[in-house]
Amino acid sequence: MTTPYSFAHNAFAGALQTSYAHLVDGEESGDVVKVAGRVMLLRTQGKLAFATMRDSSGEIQLFALAAVCADFDEFAKLHLGDWVGVTGEVVRTKRGELSIKVATWVKLATALHNFGDKWAGIADFDLRYRHREADLWANEKSRTSLARRSEVLRATRERCWAANFIEVETPILNAIATGAAAKPFTTHHHALGSDLFLRIAPELWLKRLVVGGFERVFELGRVFRNEGLSPRHNPEFTMLELYAAYWNYEDMMSFTEELVAGVARDVLGTTEVTYQDRPFSFAAPWPRRTMAELASEAVGEDVSVHTPRERLAALLGERGVEVHASWGPGRCLAELFEVTCEDSLWDPIFVTDFPVEVSPLARRRQDDPELTERFESYAVGRELSNGFSELNDPVDQRTRFEDQARLAAAGDPEAMAIDEDYIKALEWGLPPTAGLGLGMDRLAMLIADEASIREVIAFPTLKPLRD
RNA sequence: GCGCCGGUAGCUCAAUUGGCAGAGCAUUUGACUCUUAAUCAACAGGUUCCGGGUUCAAGUCCCGGCCGGCGCACCA
């Protein structure tokens, strides 16, 4: 059977529910509309049939009487999941349900599979993630969470545009994977005969655009890291990276807290929410504490990047952390912070003054060259964003890359690769600039109140099926 | 990658100590002029994830594999 190639609908379920809220039980409006959507439930009763139809805006009942509905017998045999286009009068039934009294209708598409149990939906994770199209129809929570993600991305873009940032795109295929500490995916270009890496961060390209004179740029795009999967990690995820010339890291912290709190207000209408049954506040300003302060409080003694490495290593050893020979005091302090503090940081907070040893792209503090003007924001015990005053001294940048190269030689698979083109770009002059990286999936998790990153990714990475 | 838990009809789930494979919904057929997960009646629906093993007998116990969830590790 050939189904129509188009259907000119002129009304949506959601809008009808509000605009005809005044209809009293049994009242007929006299207004004829054309709606389209999917049959979710069907109740036949002899010469009557009631269907619940859903479109993108909500649900409305289709009310079919054999006496007035064309092809009534066929209507009564519709399957759950079939798409229909309906023309009829807006009425309210005697039992009070706003309905379209079907005059004519047409099947737009047939559903050969059902959409799970009409009460319980689809619970099986494998089926939900591998066939998200069915999950979206079966489970309202899946619809709202993925819609929230979309709203978070829209609100983020609009706020960046409103602050005079321009959206740019930089290469995903790269000869070297740099700009972050992570293992890359490798691919191959046949015509070039070259192996290429999928980007782990767009950072260095974006700063080159600032060198080129684009003073405020952002990219909202996918990055790829060849690491384990978890409820908080997907191998490909979406990151906002944003750079502002003439700002320092304090300016960027202010922008970040306003951006995140603003997105929450745009999407949810409030900054005060519950996340996984626990109160959570996006409200700015967020506390700003140094890594050394937080680590000192946690271990009960003063520690800093100047604490002897032996003492830091001992504190790590007490906590079951294996200290690698290549770790200096800076790396030890950062590890100590992560193991003692990170999980307990619930409401948003900025952790500042990261050791230069773990911050190869950040500018040194003027009052302490072993520290950098860097921050990370944490929320619900997880890292949410990372930013700093950008290192713009090509000579220092080369020594930082060389330190990374030594780590790589010592066996660190995530050490940053040296990027000569980037150093050359800095030699043309990067103005004082602050940068930000913000994990959009994690922000979407907070706003959608989801515990798993897979719930805010339409098609999360799964193991391919074999056999 | 390691550990724990799980996989039974299209979907959601039962199945006692190892003893005939079950229900609701969906599908099919019939009844029903105001239903709301409609209701009622009937039919049909199975490689119990896959492959071995133990046993008179395996959904259940053992071994291997596949996929998923959670934790660890890695990271954002």
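Note that the structure is a prediction, hence the values are computed from the model and not measured. Throughout, protein chains are lettered first and strands after them, A, B, ... in sequence-line order, and every chain is numbered starting at 1.
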Self-check item: Given B:C67, B:C34, B:C74, the nucleotide with the shortest approach to the side chain of A:Asp126
Solution: B:C67

Exercise. Measure from the side chain of A:Arg454, starting at C-beta and using heavy atoms only, and say which of B:C34, B:C70, B:A76 lies closest.
Key: B:C70

Without decimals, in angstroms, what is the distance between [X] [atom1] and [N] [atom2]?
| X | N | atom1 | atom2 | answer |
| --- | --- | --- | --- | --- |
| A:Glu322 | B:C72 | CD | C1' | 15 Å |
| A:Leu48 | B:U36 | CG | C1' | 13 Å |
| A:Glu342 | B:C72 | CD | P | 12 Å |
| A:Arg92 | B:U36 | CZ | C1' | 13 Å |
| A:Asn226 | B:G1 | CG | P | 12 Å |
| A:Glu236 | B:A76 | CD | P | 17 Å |
| A:Glu227 | B:A76 | CD | C1' | 8 Å |
| A:Asp343 | B:G71 | CG | P | 11 Å |

Does this structure show an ion pair linking [X] with [Y], if we count only N-O contacts that are shorter than 4.0 Å?
| X | Y | result |
| --- | --- | --- |
| A:Asp403 | A:Arg400 | no |
| A:Glu455 | A:Arg128 | yes |
| A:Glu236 | A:Arg222 | yes |
| A:Arg232 | A:Glu450 | no |

Phosphate OP1/OP2 of [N]: any [X] side-chain N/O under 4.0 Å:
| X | N | answer |
| --- | --- | --- |
| A:Arg232 | B:C74 | no |
| A:Gln45 | B:C34 | yes |
| A:Arg128 | B:G69 | no |

List for me each residue that meets side-chain hydrogen bond (donor to acceptor under 3.5 Å, both in side chains) alongside [X], sequence neighbours excluded, and say none if there are none.
| X | answer |
| --- | --- |
| A:Asp449 | A:Gln276 |
| A:Glu383 | none |
| A:Thr238 | A:Arg149 |

Quiz item: Can you give one letter per nucleotide of nucleotides 5-14 of chain B, going 5' to 3': B for a protein heavy atom under 4.0 Å from the base, S for sugar-phosphate only, - for none?
Solution: -----BBSS-

Complementary nucleotide for [N] - Watson-Crick or wobble, under 3.5 Å:
| N | value |
| --- | --- |
| B:G3 | B:C70 |
| B:G45 | none |
| B:C61 | B:G53 |
| B:G24 | B:C11 |
| B:A38 | none |
| B:C32 | none |

Quiz item: Of all of residues 135-144 of chain A, which get a heavy atom below 4.0 angstrom from RNA chain B, listed by number?
Solution: none

Exercise. Output the residues of residues 58-89 of chain A in contact with RNA chain B, where contact means a heavy atom of the residue under 4.0 Å from an atom of the strand; sort by number or write none.
Key: A:Gln61, A:Phe63, A:Leu65, A:His79, A:Leu80

Quiz item: Do any pairs count as a ring-ring contact (aromatic ring centres under 6.0 Å, His included) and have a residue in residues 46-68 of chain A, sequence neighbours left out, and if so which ones?
Solution: A:Phe50-A:Phe63

Between [N] and [M], how far is it from one [atom1] atom to the other, in whole Å?
| N | M | atom1 | answer |
| --- | --- | --- | --- |
| B:G51 | B:G69 | C1' | 24 Å |
| B:G45 | B:A21 | P | 15 Å |
| B:G3 | B:U16 | P | 29 Å |
| B:G71 | B:G59 | P | 33 Å |
| B:G18 | B:A58 | C1' | 6 Å |
| B:A26 | B:C43 | C1' | 15 Å |
| B:U48 | B:G7 | P | 14 Å |
| B:C11 | B:C56 | P | 37 Å |

Give [X] one of three labels, base, sugar-phosphate or nothing, depending on what nucleic acid heavy atoms sit under 4.0 Å from its own.
| X | answer |
| --- | --- |
| A:Glu97 | base |
| A:Asn234 | base |
| A:Ala49 | nothing |
| A:Leu462 | sugar-phosphate |
| A:Gly228 | base |

Exercise. List in chain and number order the residues that pass ring-ring contact (aromatic ring centres under 6.0 Å, His included) with A:Trp105, two or more places apart in sequence or in another chain; answer none if no residue qualifies.
Key: A:Phe75

Got a sec, which residues hit salt bridge (charged side-chain N to carboxylate O under 4.0 Å, His left out) with [X], two or more places apart in sequence or on another chain?
| X | result |
| --- | --- |
| A:Glu257 | A:Arg288 |
| A:Asp251 | none |
| A:Glu376 | A:Arg374 |
| A:Asp347 | none |

Quiz item: With a centroid cutoff of 5.5 Å and a plane-angle limit of 30°, would you call A:Phe125 stacked on B:G68?
Solution: no

Quiz prompt | 5′-ward residue of the pair A:Lys463/A:Thr93 relative to RNA chain B | solution = A:Thr93

Quiz item: In terms of ring plane angle, is the pair A:Trp247 and A:Phe255 parallel, tilted or perpendicular, where the classes change at 30° and 60°?
Solution: tilted

Quiz item: Do A:Tyr249 and A:Phe350 have ring centroids that are under 6.0 Å from one another?
Solution: no

